[in-house]
Amino acid sequence: MNIPLITHRDILADVIHTNHRVLMVLERMGIKLGVGNRTIEQIAETNGIQPGALVVIINLFCNEVYTPTANSHFDYIPDFLKYLKKSHQYFLTEKIPAIQRQIQQLVHLLHDSKAHMVESFYNEYIEEVTEHIEYENETVFPFIEEMYDAFLNKRDTSLLLMEYDIGIYDDQHGDVEDMLKDLKNVLIRHLPQTEVGSIRRRALEELFELESDLSSHTRIEDDVLIPLVKKLEGEMRSMSKLV
């Protein structure tokens with residue numbers, strides 16, 4: 001569901017009433033409820049978050065047609081990274097295992113070769129998405145953090161940029177969402193309807209929710225964070241030439 005464009009002046013409680021999915025953003029940003037009648041800007045400042053960064057994340061998470069921009073707000077980078085890291089933790093420890101349990105239950109009830117294929121396919125998906133997340137956590141995010149720290153402290157990044165740059169990540173940034181679409185298709189089109197329908201329905205609802213969450217997650221990376229880090233790299237290269 002799309003909602004009107006959210007601004008830093010909006011009352012956070014009203015935004016939550018408009019779209020409850022905002023609760024997921026708040027949890028990942030460490031914002032607790034009991035928000036009163038405070039605006040997004042007031043809540044962000046109370047929690048040590050850049051209001052502009054929080055507005056971008058909420059709009060991206062809740063509005064499929066929102067066109068994000070962070071311009072040259074390098075100070076948004078820590079908040080984007082915080083959100084993405086918390087999302088990774090949620091995917092790996094909560095959402096993906098919960099869907100796996102539902103699929104295992106479905107397979108147990110169906111006793112069908114196609115059902116076992118679904119389980120195998122989902123296990124393959126888990127391996128792929130885990131590898132993708134580990135690469136971001138262990139390589140990409142530490143690089144961005146080091147670049148941002150060097151920017152704040154005016155340190156030379158020539159050696160760092162010789163070892164890695166965000167373009168490498170951009171080129172290798174595969175889409176882990178396609179497998180979910182294939183999996184949903186099998187559940188919708190091809191598995192025989194011999195089990196209690198609510199089990200399959202719940203599994204599909206979880207898959208649709210995961211797909212939507214991953215889509216907004218990818219948009220934050222592709223449409224906001226990567227362009228912002230590319231600008232930061234350009235700034236750092238210019239600074240290195242002046243030194």
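Quick note: residue numbers are just sequence positions, from 1. No hydrogens, no waters, no symmetry mates; every other heavy atom, side chains included, goes into these values.
Checked by atom type, the side-chain pair N137/H88 shows a donor-acceptor distance below 3.5 Å. Checked by atom type, the side-chain pair H132/E128 shows no donor-acceptor distance below 3.5 Å.
S120 places no side-chain N or O within 3.5 Å of a backbone atom of H116 that could act as its donor or acceptor partner. In this structure, K230 contributes its side chain and I166 its backbone to no donor-acceptor pair below 3.5 Å. At least one donor-acceptor pair closer than 3.5 Å links the side chain of Y122 to the backbone N or O of I96. A donor-acceptor pair is defined here as one N or O able to donate and one able to accept, closer than 3.5 Å; such a pair exists between the side chain of T39 and the backbone of Q42. A donor-acceptor contact shorter than 3.5 Å links the side chain of N59 to the backbone of I6. Under a 3.5 Å cut-off, the side chain of D165 and the backbone N or O of G167 do form a donor-acceptor pair. Between the side chain of N47 and the backbone N or O of I49, no donor-acceptor pair lies under 3.5 Å.
Atoms CG and CD1, on L33 and I16 in that order, are 5.5 Å from each other to the nearest 0.5 Å. Going from atom CD1 of I57 over to atom CZ of R219 covers 13.0 Å, rounded to the nearest 0.5 Å. If you take OG on S215 and CD on E64, they are separated by 7.0 Å, rounding to the nearest 0.5 Å. We find the CZ-CD1 distance between R38 and I11 to be 10.5 Å, quoted to the nearest 0.5 Å. Taken from CZ in F143 to OH in Y169, the straight-line distance is 12.5 Å, to the nearest 0.5 Å. Residue N19 holds its CG atom at 9.0 Å from CG of N63, rounded to the nearest 0.5 Å.
Across every non-hydrogen atom of M29 and K82, the tightest pair is O-NZ, 3.0 Å. Taking both residues in full, the closest heavy atoms of A13 and G36 are given as CB-O, 3.8 Å, listed atom of the first, atom of the second, then distance. Taking both residues in full, the closest heavy atoms of G48 and D79 are given as O-OD1, 4.3 Å, listed atom of the first, atom of the second, then distance. Y76 approaches A70 most closely through the heavy-atom pair CD2-CB, 4.0 Å. When every heavy atom of V186 is checked against every heavy atom of V118, the shortest pair comes out as CG1-CG2, 3.4 Å.
Cluster annotation: M236 is not connected to L159 through the hydrophobic network of ILVMFWY side chains, with a link wherever side-chain heavy atoms come within less than 4.5 Å. Cluster membership for I168 and M162, using ILVMFWY side-chain heavy atoms within less than 4.5 angstrom, is not shared.
The residues E41 and R9 are annotated as not salt-bridged, no charged nitrogen and carboxylate oxygen being separated by less than 4.0 angstrom. Note on K231 versus E235: no salt bridge recorded, every NZ/NE/NH1/NH2 to OD/OE distance being 4.0 Å or above. Under the 4.0 Å criterion applied to side-chain N and carboxylate O atoms, K85 and E145 are assigned as salt-bridge partners. Under 4.0 Å is where a charged nitrogen must lie from a carboxylate oxygen, and between E211 and K184 at least one such pair does. For K86 and E27, the salt-bridge test fails: no basic side-chain N is under 4.0 Å from an acidic carboxylate O. Under a 4.0 Å N-O distance rule, the pair R201/E205 qualifies as a salt bridge. We find that R21 and D213 are not joined by a salt bridge, their nearest charged nitrogen and carboxylate oxygen being 4.0 Å or further apart.
The side-chain contact (heavy atoms from CB on, under 4.5 Å) test with V25 singles out one residue from V15, I58, L60, and that residue is I58.
You'll find the side chain of T7 stays beyond 4.5 Å of the side chain of I40, heavy atoms only. By the 4.5 Å heavy-atom criterion applied to side chains, L180 and F208 are not counted as neighbours. With contacts defined as side-chain heavy-atom distances shorter than 4.5 Å, the pair Y148/V229 does not qualify. In this structure, the side chains of L12 and L26 come closer than 4.5 Å at one or more pairs of heavy atoms. At least one side-chain heavy atom of I31 sits less than 4.5 Å from a side-chain heavy atom of L54. Contact of the Q102 side chain with the I199 side chain is not registered, since no non-hydrogen atoms from C-beta on lie closer than 4.5 Å. L106 has its side chain within reach of L187: a pair of non-hydrogen atoms, C-beta onward, lies under 4.5 Å apart. I144 is not listed as a side-chain neighbour of M147, based on a closest heavy-atom distance of 4.5 Å or more.
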(request) Could you walk me through whether E233 and R237 pass side-chain contact (heavy atoms from CB on, under 4.5 Å), step by step? (result) CA-CA 6 Å; E233 288 181 348; R237 287 191 175 96; 3.6 Å; yes
(request) Start with the C-alpha gap between D10 and D14, add the side-chain angles, then the distance that decides, and say whether side-chain contact (heavy atoms from CB on, under 4.5 Å) holds. (result) CA-CA 8 Å; D10 288 324; D14 293 341; over 6 Å; no
(request) Check step by step if side chain to side chain donor-acceptor pair (under 3.5 Å) holds for H217 and E221. (result) CA-CA 7 Å; H217 183 92; E221 293 173 336; 3.1 Å; yes
(message) Using the rule given for salt bridge (Lys or Arg N to Asp or Glu O under 4.0 Å), can you reason through E206 versus R202, listing the C-alpha separation, both sets of side-chain angles and the distance that settles it, and then say yes or no?
(response) CA-CA 6 Å; E206 293 279 4; R202 288 196 299 269; over 6 Å; no
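Aromatic rings from F74 and F151 are positioned such that their centres are separated by under 6.0 Å.
Annotation: H108, atom NE2; neighbour count of heavy atoms from other residues, nucleotides and ligands within 6.0 Å does not exceed 12. More than 12 heavy atoms of other residues, nucleotides or ligands sit less than 6.0 Å from atom CG of N185.
Under the 30°/60° scheme for interplanar angles, the aromatic rings of Y83 and F61 are found to stand perpendicular.
Judged by the 6.0 Å and 45° rule, R28 forms a cation-pi pair with F91.
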